[in-house]
Amino acid sequence: MNYVVAAWQWLAEPINMNGPNGWESRMVEHLWYTALATVIACLIGIPLGYAVGHAHRFRTAIVSSTGAARALPTLGVVTLFGLMLGIGLEAPMLAFVLLALPSVLAGAYAGVEGAPRDAVDAARAMGMTEWQILFRVEAPLGMPLLLGGIRSATLQVLATATLAAYVGAGGLGRFLFLGLKTQNYPMMVASSLVVVGLAVVVDLCFEVVDRLVRRSHPVRAVAS
Amino acid sequence: MKWVLDNVGTITDATWAHLWLALPAIVISFVVAIPVAWVASRFRRSRFTLLLIAGLIYAIPSLPLFIILPLILGTSVRSLVNVIAALGLYGVALMVRYAADALDAVSPDTVLAATAMGYGPLRRFFGVQLPLAGPALLAGLRVVAVSTVSLVPVSALLGINSLGMLLTDGFQRDIFAEVLAGIVATVVVAVAVDLGLVGLGQLLMPWWRLTMKRSAKRSPVEDKQVVTA
């Protein structure tokens, strides 16, 4: 318990909190990495997933890509890119996008692909174009699944962003690795607590958004 | 390739160390998740809370958990017990959802029939519900196993030996082949453990093949993703 108190004191210390190297700006940086990587993954994954899902093709490829991504050690991806691209943000960012992509892709794909055939056929019979079917029927029906994919991706990146500091980038991992090297346990615990808090808050935010999306879902039975 | 041939011993040692961390954690995940899932499946009201807690635990990034857990366990950060406990915690959090769904999917008629035949709660659970839920439980355990194996390398940042050591050592000494070997070896171990579980499933549940076709049709996102680094 002493360590928790020491960690708390470390966090409350103005010199650790403020300024460009304080934990507050590192936390913002951590969130920024997470948001940026998730958005990039969405920009690639959602159109791709929608296209493939609408066409009902390449199911096995999508399923096995998520399976393969699960087996990849995140630390390995980060260090491999770190060696290839050198110190900086490019390497970890590329690794984050690569790790986030399968979840987003699978979510977008499954949502569109899983839309009830009857609804899609009805829309087509009513004279909707393929674009209208995709954006006005399949995409709204698949929203909860897409959101689930984005949620997994975000949490994955938030966790992996802790490793960015290992290859020379910033984020809350800075204090973790500094604490490890200097045997400063309060500092390690303090920064760990901030990361954990961040992850829990982000997950709960997604839980709330998930509820809202499901409530406004066109077919509640499908959503739940 | 030359690096790999020159360092076969190191890789073999790291692989055993890796398994020695992952396998106990996988066993713990299964053994602990079953009773929790039973509670979630038996008492409807507890289900939501238990699954929410499991989801939040699973959302915790692994490196911070490796550092915070010793405060609760009283071990040192570099203790193997700490790493196995953290990996087991993730495994349980992931497995509870699969196990609760698996137990829910057992036909209530079958359970009622067992009760009518005079099966007590304990015998009914182990003799009827658990074997019937077996194939779905195995599908969940396979996901847990693969994610556990791929999570182990993070512990190398604390100085614990596993295939993750190839990643940290390779990065620090700028040996590309070593990092690549670490990644490939981790994936190979994950696939091997997965195949091992499939073999075990066929041995314990000869009827498993029949239900496998059904589970292969599942949607890709129903398998909860690995979210922890």
Side-chain angles (χ1 to χ4, degrees), chain A residues 1 3-4 59 62-63 66-80 82-84 99 102-103 106-107 109-111 113-114 145 148-149 151-156 158-163 166-167 173 176-177 179-180 185 188-189 191-193 195-196 199-200 202-204 207, chain B residues 52 55-68 70-71 77 143 146-147 149-159 163-164 166-168 170-172 174-176 178-180 182-191 194 216 218-229:
Chain A
M1 272 303 115
Y3 283 117
V4 178
R59 183 192 179 86
I62 305 261
V63 177
T66 56
R70 188 179 293 129
L72 272 185
T74 51
L75 180 64
V77 180
V78 172
T79 48
L80 192 74
L83 278 187
M84 288 194 314
L99 292 166
S103 305
Y109 172 85
E113 200 254 1
L145 284 177
R151 183 180 188 167
S152 300
T154 310
L155 289 167
Q156 165 83 38
L158 188 95
T160 317
T162 322
L163 307 180
Y166 189 69
V167 293
L176 252 156
F177 289 107
L180 268 171
Y185 198 55
M188 285 156 69
V189 172
S191 50
S192 297
L193 287 173
V195 179
V196 171
V200 169
V202 168
D203 194 39
L204 287 176
E207 182 73 28
Chain B
L52 186 74
L56 283 177
I57 291 177
Y58 200 65
I60 298 174
S62 59
L63 186 58
L65 186 67
F66 284 142
I67 289 165
I68 293 174
L71 292 178
V77 172
V143 176
V146 171
S147 76
V149 169
S150 71
L151 208 53
V152 170
V154 176
S155 67
L157 294 170
L158 307 172
L163 288 167
L166 304 181
L167 306 175
T168 52
F171 178 73
Q172 271 155 14
D174 207 355
I175 307 174
F176 187 80
E178 186 174 6
V179 175
L180 200 61
I183 296 177
V184 172
T186 308
V187 174
V188 169
V189 170
V191 172
D194 188 43
R218 262 183 330 183
S219 139
V221 280
E222 274 172 44
D223 292 344
K224 197 164 188 236
Q225 309 285 314
V226 179
V227 294
T228 34

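Remember, it's a predicted structure, so these values are computed and weren't measured experimentally. Every chain is numbered from 1, with letters handed out A, B, ... down the list of sequences.
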In the structure I gave you, are the side-chain heavy atoms of [X] and [Y] within less than 4.5 Å of one another anywhere?
| X | Y | value |
| --- | --- | --- |
| B:Ile183 | A:Pro73 | yes |
| B:Leu56 | A:Leu204 | yes |
| B:Leu52 | A:Glu207 | yes |
| B:Phe171 | A:Leu75 | no |

Self-check item: Candidate pair A:Leu80 and B:Leu167, rule side-chain contact (heavy atoms from CB on, under 4.5 Å), full reasoning
Solution: CA-CA 8 Å; A:Leu80 192 74; B:Leu167 306 175; over 6 Å; no

Heavy atoms only: give me the nearest [X]-[Y] pair and the separation to one decimal.
| X | Y | result |
| --- | --- | --- |
| A:Arg70 | B:Ser150 | O-OG, 2.9 Å |
| B:Ala190 | A:Ala71 | CB-CB, 4.2 Å |
| A:Leu83 | B:Gly170 | CD1-O, 3.9 Å |

Quiz prompt | Of A:Leu193, A:Leu176, A:Val195, the residue whose pairing with B:Ile67 passes side chain to side chain contact (heavy atoms under 4.5 Å, CB included) | solution = A:Leu176

Practice problem: Give me the one residue out of A:Val77, A:Val78, A:Thr79 that meets side chain to side chain contact (heavy atoms under 4.5 Å, CB included) with B:Val179. | Solution: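 Exactly one candidate clears the test, A:Thr79.
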
Quiz item: Any idea which of B:Val187, B:Thr186, B:Leu157, B:Asp174 has the most non-hydrogen atom pairs under 4.5 angstrom with chain A?
Solution: B:Leu157

Practice problem: Considering only heavy atoms and a distance below 4.5 Å, find which of B:Leu65, B:Thr168, B:Val191, B:Leu158 pairs most often with chain A. | Solution: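 Highest number of pairs under 4.5 Å: B:Thr168.
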
Self-check item: side-chain contact (heavy atoms from CB on, under 4.5 Å) between B:Tyr58 and A:Asp203, worked out
Solution: CA-CA 10 Å; B:Tyr58 200 65; A:Asp203 194 39; over 6 Å; no

Practice problem: Measure distances from B:Ile175 to the heavy atoms of chain A and classify the residue's part below 4.5 Å as side chain, backbone, both or neither. | Solution: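 It is the backbone, since no side chain atom gets that close.
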
Quiz item: For B:Gln172, which residues count as a side-chain hydrogen bond (donor to acceptor under 3.5 Å, both in side chains) partner, sequence neighbours excluded?
Solution: A:Tyr166

